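Scroll down for the structure; my scribbles are underneath it.
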Amino acid sequence: MVGMTLPSAWNLSGRTALVTGAGSPTGIGFASARSLGQLGASVAITGTTDRIHDRVNELREIGIDAHGFIARLESAALAVALGEALTAASVVPDILVNNAGMVSTGDTEMLSGDALMDPDEWDRSIALNLSSAFYMTRLVLPRMRAARWGRIVTVASVTGPVMASHGDIAYAAAKAGLVGLTRALAVDEAGAAITANAVAPGWIATGSQLPAEALEGAHVPAGRSGTADEVASAIAWLATPGASYMTGQVIVVDGGNSVDEQRLASV
């Protein structure tokens, strides 16, 4: 925690974390930034609107060194522009949390559909949910390689890598792609002491969760939806020195939903 002496396995003092998609006060991105900051890291957070500055102020109020940037990330040029802004602010990330993207059915801009969906909508969903993580990883990786230390944690989902929902084909494909990206990074970068891992949240009670999704969450083995802080706890651990031998893995955070075979017995 800020102001406390942490065990070396958890201590992120002297590290700088870049967390994308952290504009929502109830979202996984902001919760992750807070958790990383409480472990001693300086944090830079991005969002698509000026509400990101409210999140920065909230982090600073609890003693976390924080910077905020308004940015979209679904193209290489947009990622480069963010990189220039980070450089101008003397922010050099050695921890990256790839959280930006669309939530599944709760996002008003969510582009969903089956295999007959509009190709332009498919392209946009892939750009928002998969390509953005590639562009951000590409942005920070040279510095991590030079320093021979880095942590890349990507927020995937149970949708795609583990399960699937009806009419959500592009989102599922993108999130499954994030797992492939993570595993390939882990193999390529392990020699430079850079780890790459993913978390796969299930039903999480954020501000974007719809009533139907909350109902689904009530029927998982844990009997409730998860919280953003519970997902952030896994993300923060993956960024710590103690997780240095953990790479190429996917941690599912879903209250046991994906391993529950007896659906009728549990409702």
Side-chain angles (χ1 to χ4, degrees), residues 1-47 52 54-69 86 89-100 133 136-137 139-141 143-144 147-156 182 185-186 189-190 192-201 204 206 226-253:
M1 299 295 178
V2 176
M4 296 177 61
T5 301
L6 292 162
S8 59
W10 283 89
N11 196 328
L12 290 175
S13 297
R15 301 297 182 185
T16 299
L18 172 60
V19 183
T20 65
S24 169
T26 63
I28 291 169
F30 182 58
S32 298
R34 184 171 56 235
S35 292
L36 290 163
Q38 288 171 334
L39 294 178
S42 298
V43 296
I45 56 177
T46 77
I52 198 67
D54 295 329
R55 306 290 82 78
V56 168
N57 290 335
E58 290 171 28
L59 293 172
R60 290 175 176 171
E61 285 172 1
I62 59 174
I64 294 172
D65 180 30
H67 295 80
F69 301 88
L86 291 169
S90 299
V91 174
V92 183
D94 44 20
I95 298 166
L96 171 64
V97 178
N98 280 315
N99 176 66
M136 292 309 301
T137 301
L139 179 70
V140 303
L141 196 54
R143 170 65 175 78
M144 291 181 180
R148 297 192 63 78
W149 196 97
R151 299 284 186 267
I152 300 168
V153 186
T154 297
V155 181
T182 294
L185 282 170
E189 307 304 331
I194 299 166
T195 66
N197 293 286
V199 297
I204 306 299
T206 66
T227 68
D229 284 330
E230 287 171 323
V231 182
S233 178
I235 292 169
W237 175 70
L238 289 169
T240 63
S244 59
Y245 203 59
M246 184 82 164
T247 195
Q249 304 305 308
V250 181
I251 297 179
V252 176
V253 186

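Since this is a predicted model, take the numbers as computed values, not measurements. Sequence positions, counted from 1, serve as the residue numbers for this chain.
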Shortest non-hydrogen contact from [X] to [Y]?
X      : Y     : answer
Ala239 : Leu36 : CB-CD2, 3.7 Å
Thr206 : Gly27 : CG2-CA, 4.3 Å
Val19  : Ser32 : CG1-CB, 4.4 Å
Val43  : Gly37 : CG1-N, 4.0 Å
Pro241 : Leu12 : CD-CD2, 3.9 Å
Ala44  : Val91 : CB-CG1, 3.9 Å

What distance do [X] atom [atom1] and [Y] atom [atom2] have between them, rounded to the nearest 0.5 Å?
X      : Y      : atom1 : atom2 : result
Thr137 : Asn98  : OG1   : CG    : 4.5 Å
Thr154 : Asn197 : OG1   : CG    : 9.0 Å
Met136 : Leu141 : CE    : CG    : 12.0 Å
Leu96  : Thr16  : CG    : OG1   : 12.5 Å
Ile152 : Asp94  : CD1   : CG    : 11.0 Å
Glu230 : Ile235 : CD    : CD1   : 12.5 Å

Do any N or O atoms from the side chain of [X] and from the backbone of [Y] form a donor-acceptor pair under 3.5 angstrom?
X      : Y      : value
Thr240 : Trp237 : yes
Thr247 : Thr195 : no
Thr20  : Thr46  : no

Exercise. Would Phe30 and Leu59 count as a side chain to side chain contact (heavy atoms under 4.5 Å, CB included) if you check the C-alpha gap in whole Å, the side-chain angles of each, and the deciding distance to 0.1 Å?
Worked result: CA-CA 9 Å; Phe30 182 58; Leu59 293 172; 3.6 Å; yes
Exercise. Should the pair Arg15 and Trp149 be classed as cation-pi, given the thresholds of under 6.0 Å to the six-membered ring centre and 45° from the axis?
Worked result: yes
Problem set entry | Note, Val155 side chain near Pro201 side chain (heavy atom, < 4.5 Å) |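 They are in contact (side-chain heavy atoms under 4.5 Å apart), so the answer is yes.
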Exercise. Is there a side-chain contact between Gln38 and Ile64, using heavy atoms and a 4.5 Å cut-off?
Worked result: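 Gln38 reaches Ile64 side chain to side chain.
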For this session: Keeping to residues at least two apart or across chains, list the side chain to side chain donor-acceptor pair (under 3.5 Å) pairs with something in residues 55-66.
Result: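 Residue pairs passing side chain to side chain donor-acceptor pair (under 3.5 Å), neighbours aside: Ser42-Asp65, Arg55-Glu58.
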For this session: Report the C-alpha distance between Leu18 and Leu86 in whole Å, list the side-chain angles of each, state the deciding distance to 0.1 Å, and finish with yes or no for side chain to side chain contact (heavy atoms under 4.5 Å, CB included).
Result: CA-CA 10 Å; Leu18 172 60; Leu86 291 169; 4.0 Å; yes
Problem set entry | Verdict with supporting geometry, Val199 and Val231, side chain to side chain contact (heavy atoms under 4.5 Å, CB included) | CA-CA 8 Å; Val199 297; Val231 182; 4.1 Å; yes
Problem set entry | Pair His67-Ser90, side chain to side chain contact (heavy atoms under 4.5 Å, CB included): steps then yes or no | CA-CA 10 Å; His67 295 80; Ser90 299; over 6 Å; no
Problem set entry | Pairs meeting criterion salt bridge (Lys or Arg N to Asp or Glu O under 4.0 Å) with involvement of residues 33-43, two or more places apart |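 Salt bridge (Lys or Arg N to Asp or Glu O under 4.0 Å) check on residues 33-43 returns Arg34-Asp229.
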